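What you see is a predicted model; the values in this text were computed from it and never measured. Labels below follow one simple rule: chain letters A, B, ... track the order of the sequence lines, proteins then strands, and each chain is numbered from 1.
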2 protein chains.
Amino acid sequence: MTNESIKILLVDDEPDILEFMEYNLKKEGYIVLLAKNGAEAVEIAKREVPQLIILDIMMPEMDGIEACRRIRESKELEHILIAFLTARNEEYSQLAGFDVGADDYISKPIKPRILTSRIKALLRRTSFNQETPAVQIGNMRIDRDSYLVYKNDEPISFPRKEFELLSLLTSKPGRVFTREDILSRVWGSEIVVGDRTIDVHIRKIREKLGDDVIKTIKGIGYKFDI
Amino acid sequence: MTNESIKILLVDDEPDILEFMEYNLKKEGYIVLLAKNGAEAVEIAKREVPQLIILDIMMPEMDGIEACRRIRESKELEHILIAFLTARNEEYSQLAGFDVGADDYISKPIKPRILTSRIKALLRRTSFNQETPAVQIGNMRIDRDSYLVYKNDEPISFPRKEFELLSLLTSKPGRVFTREDILSRVWGSEIVVGDRTIDVHIRKIREKLGDDVIKTIKGIGYKFDI
DNA sequence: CTGCTTATTAATAATTTGTTAATATTGACA
DNA sequence: TGTCAATATTAACAAATTATTAATAAGCAG
């Protein structure tokens with residue numbers, strides 16, 4: 001779950017398509033906002049300032065092109081990435097879309113993998129996804145770019161879940177994360193694993209970094225402490 | 001702006017349009033070359049090998065489609081990005097353009113912001129190819145111009161995909177590239193190949209350079225590490 | 001067209017990672 | 001200090017991911 005803070009606004013008048021995209025993007029950990037027409041989209045965009053808006057072209061109330069234009073008008077929203085949804089042979093729509101400042105277009109029918117990979121490619125361009133600086137805590141350095149943890153300059157590699165768990169705990173040293181926090185942020189909202197799973201992962205981290213770096217707060221959760 | 005070394009060839013028979021585009025692109029720091037018909041374009045392309053050519057479709061002497069075809073014929077110019085300029089409703093031209101290997105089309109009337117952002121997007125697609133002509137890492141030298149890798153001064157030749165993959169990984173040594181990163185940057189955002197394809201290419205690279213240069217981060221991706 | 005190289009897939013093996021279940025241990029609190 | 005729920009530990013098992021191989025397809029030079 002590394003997309004936690006990225007907001008995407010989906011705009012389409014067909015609930016099925018909205019739901020389909022919502023499902024796929026939530027699965028990737030994005031925060032998903034929904035609108036069913038251009039007017040609503042502009043309103044939500046202004047309020048929430050998402051990083052990316054995916055706009056259907058053909059919609060009642062206000063079409064995608066117009067919505068895009070309105071969004072681009074606003075100085076604060078200028079930088080938002082906008083991708084249009086287009087039927088495959090709507091050549092004209094594509095042109096119009098780029099003219100009002102679209103960053104990409106995604107053609108229907110939408111395939112989940114293509115959707116997510118296009119989105120990632122788009123987001124990569126922006127500053128939101130710049131390299132994450134390594135975090136230094138005591139004699140330890142957590143480097144998200146290389147997925148390595150250095151202990152006294154010794155690199156130690158961690159499997160994904162362990163890394164994400166450690167990464168979460170170290171994101172706020174000293175702060176206690178409840179088991180619920182941990183479950184929802186490392187395992188996602190649809191919790192399917194048992195409580196012991198956390199313990200086991202904690203133990204594996206302790207095996208590698210020493211017993212003292214992660215403290216247990218009985219009845220509450222865990223915290224990372226120098 | 002580090003566009004100083006990027007050459008763009010503009011081809012159009014209308015001096016006004018040439019001048020307009022030249023002005024806007026120079027402002028961004030690109031090196032701008034001009035041609036007023038297809039024949040001239042091919043000639044200059046061969047001599048100067050720009051990174052990008054923006055071609056009007058309708059021109060005297062030799063039209064854009066034909067010029068594009070001639071340019072694509074030549075092995076050395078194959079990699080050049082080509083974008084067509086089209087009038088708003090020249091639907092057919094667009095299709096023809098993509099057939100002869102165009103990378104994008106830009107519709108008239110041209111707006112500065114769109115022009116430059118499209119160009120940036122286009123160049124970004126291949127930017128990791130041209131950032132640095134040769135990179136030295138450990139006992140290895142990767143020469144992006146000749147598609148050769150030297151290991152202790154022994155030249156080893158790599159097929160295109162393998163080279164691009166290696167090139168991507170070495171562009172940021174130590175940094176983990178996710179499979180999605182790799183797919184979208186080596187294969188393009190419309191992903192059409194399966195996951196195993198990456199593995200196979202990785203394996204072939206390892207066969208040539210040794211097993212240890214590329215490390216697997218299970219669940220995440222790969223990284224190049226000295 | 002032919003033969004060669006490169007790219008991709010499919011099938012299967014190997015490996016790593018994730019989870020659970022069973023049992024032991026801990027520590028807050030009556 | 002004894003109790004008991006919460007956490008730790010361990011090992012076994014399941015799931016997921018990657019490696020490998022060989023076969024097939026696609027490109028390309030001669």
Side-chain angles (χ1 to χ4, degrees), chain A residues 1 27 113 147-149 156-169 176-183 185-188 190-224, chain B residues 72-79 101 147-149 156-169 176-183 185-188 190-224:
Chain A
M1 295 287 124
K27 214 168 57 180
R113 266 192 80 174
Y147 256 87
L148 279 177
V149 175
I156 306 171
S157 76
F158 281 74
R160 195 170 57 182
K161 283 276 191 280
E162 285 171 46
F163 189 88
E164 280 172 8
L165 174 48
L166 178 63
S167 201
L168 173 65
L169 294 179
V176 181
F177 289 84
T178 67
R179 285 170 172 269
E180 274 173 6
D181 278 346
I182 292 171
L183 278 181
R185 299 187 62 180
V186 176
W187 274 266
E190 297 163 35
I191 299 167
V192 283
V193 299
D195 251 12
R196 297 305 106 231
T197 301
I198 297 178
D199 308 12
V200 175
H201 281 91
I202 291 282
R203 188 180 159 278
K204 290 189 176 153
I205 295 172
R206 284 172 170 161
E207 263 173 15
K208 286 169 191 146
L209 297 182
D211 279 353
D212 48 343
V213 292
I214 295 174
K215 299 209 166 53
T216 303
I217 315 298
K218 207 160 172 168
I220 315 285
Y222 298 92
K223 72 173 175 181
F224 183 93
Chain B
R72 285 284 188 248
E73 269 170 10
S74 162
K75 183 88 179 144
E76 299 81 54
L77 305 182
E78 197 181 39
H79 68 281
Y147 270 43
L148 278 177
V149 175
I156 307 170
S157 80
F158 279 76
R160 202 175 80 230
K161 283 278 191 266
E162 284 171 47
F163 188 87
E164 280 173 7
L165 174 48
L166 179 63
S167 195
L168 174 64
L169 295 178
V176 181
F177 290 84
T178 66
R179 283 168 174 272
E180 271 165 350
D181 277 345
I182 292 170
L183 279 180
R185 297 184 64 176
V186 176
W187 275 268
E190 298 278 350
I191 296 167
V192 283
V193 299
D195 252 10
R196 299 303 108 232
T197 302
I198 297 178
D199 307 14
V200 175
H201 281 90
I202 291 283
R203 187 176 160 279
K204 295 204 172 133
I205 295 172
R206 283 173 171 160
E207 265 171 14
K208 286 168 193 146
L209 297 182
D211 278 353
D212 47 343
V213 292
I214 295 174
K215 299 214 165 52
T216 303
I217 314 298
K218 211 155 173 173
I220 313 290
Y222 297 91
K223 71 174 173 180
F224 182 94

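Rounding to whole angstrom units, CZ of residue Arg160(A) and P of dA15(D) are separated by 16 Å. A straight line from CD1 of Ile156(B) to P of dT6(C) spans 14 Å, rounded to a whole angstrom. Computed from coordinates, the Arg203(B) CZ to dT20(D) P distance equals 6 Å when rounded to whole Å. dT17(D) atom C1' lies 14 Å from atom CD1 of Ile182(B), rounded to whole Å. Residue Asp195(A) contributes atom CG, which lies 18 Å from atom P of dG18(C) at whole-angstrom precision. Distance CG (Leu183(A)) to P (dG18(C)): 15 Å, rounded to an integer number of Å. As a whole-Å value, the separation of Ile198(B) CD1 from dT9(C) P is 11 Å. The CD1-P distance, from Ile202(B) to dA7(C), rounds to 14 Å in whole Å.
In terms of the salt bridge (charged side-chain N to carboxylate O under 4.0 Å, His left out) criterion, Arg160(A) has no residue partners (sequence neighbours excluded). The salt bridge (charged side-chain N to carboxylate O under 4.0 Å, His left out) check on Lys161(B) picks up nothing, with sequence neighbours excluded. Partners of Lys223(A) under the side-chain hydrogen bond (donor to acceptor under 3.5 Å, both in side chains) rule, at least two apart in sequence or in another chain, are Asp225(A). When the side-chain contact (heavy atoms from CB on, under 4.5 Å) test is applied to Val213(A), the partners found at least two apart in sequence or on another chain are Met140(A), Leu209(A), Phe224(A). Not counting sequence neighbours, Thr197(A) has no partner by the side-chain hydrogen bond (donor to acceptor under 3.5 Å, both in side chains) test. Partners of Thr178(A) according to the side-chain contact (heavy atoms from CB on, under 4.5 Å) rule, which considers only residues two or more places apart in sequence or in another chain, are Glu180(A), Asp181(A), Ile220(A). Remark: Phe177(B) engages no residue in a ring-ring contact (aromatic ring centres under 6.0 Å, His included) (not counting sequence neighbours).
Comparing Thr197(A) and His201(B), the nucleotide of DNA chain C nearest to each residue sits closer to the 5' end for His201(B).
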Quick test: give all pairs of protein nitrogen or oxygen and nucleotides 2-4 of chain D nitrogen or oxygen below 3.5 Å, distance rounded to 0.1 Å.
none

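Asp195(B) places a side-chain heavy atom less than 4.5 Å from the side chain of Leu183(B).
Using a 4.0 Å heavy-atom criterion, one finds that Tyr222(B) contacts the sugar-phosphate atoms exclusively.
Within residues 204-220 of chain B, the residues that place at least one heavy atom under 4.0 Å from DNA chain C are, in residue-number order, Lys204(B), Lys218(B).
With the 3.5 Å cutoff on both pairing distances, Watson-Crick and G-U pairs in DNA chain D assemble into runs of at least 3 at C:1-30 with D:1-30.
Checking the phosphate oxygens (OP1, OP2) of dT19(C), a side-chain nitrogen or oxygen of Trp187(A) falls inside 4.0 Å.
Using a 30° and 60° split on the angle between ring planes, Phe163(A) and Tyr147(A) fall in the tilted class, from 30° to 60°.
Between the CD1 atom of Ile182(B) and the CG atom of Leu165(B) there is a distance of 5.5 Å, given to the nearest 0.5 Å.
Considering only the side chain of Val200(B), dA10(C) comes nearest among dG18(C), dA10(C), dT19(C).
For the pairing with His201(A), the ring-ring contact (aromatic ring centres under 6.0 Å, His included) check across Tyr222(A), Phe158(A), Trp187(A) returns one residue only, Trp187(A).
Within the structure, salt bridge (Lys or Arg N to Asp or Glu O under 4.0 Å) pairs that include any residue of residues 205-214 of chain B comprise Glu162(B)-Lys208(B), Arg203(B)-Glu207(B) (at least two apart or interchain).
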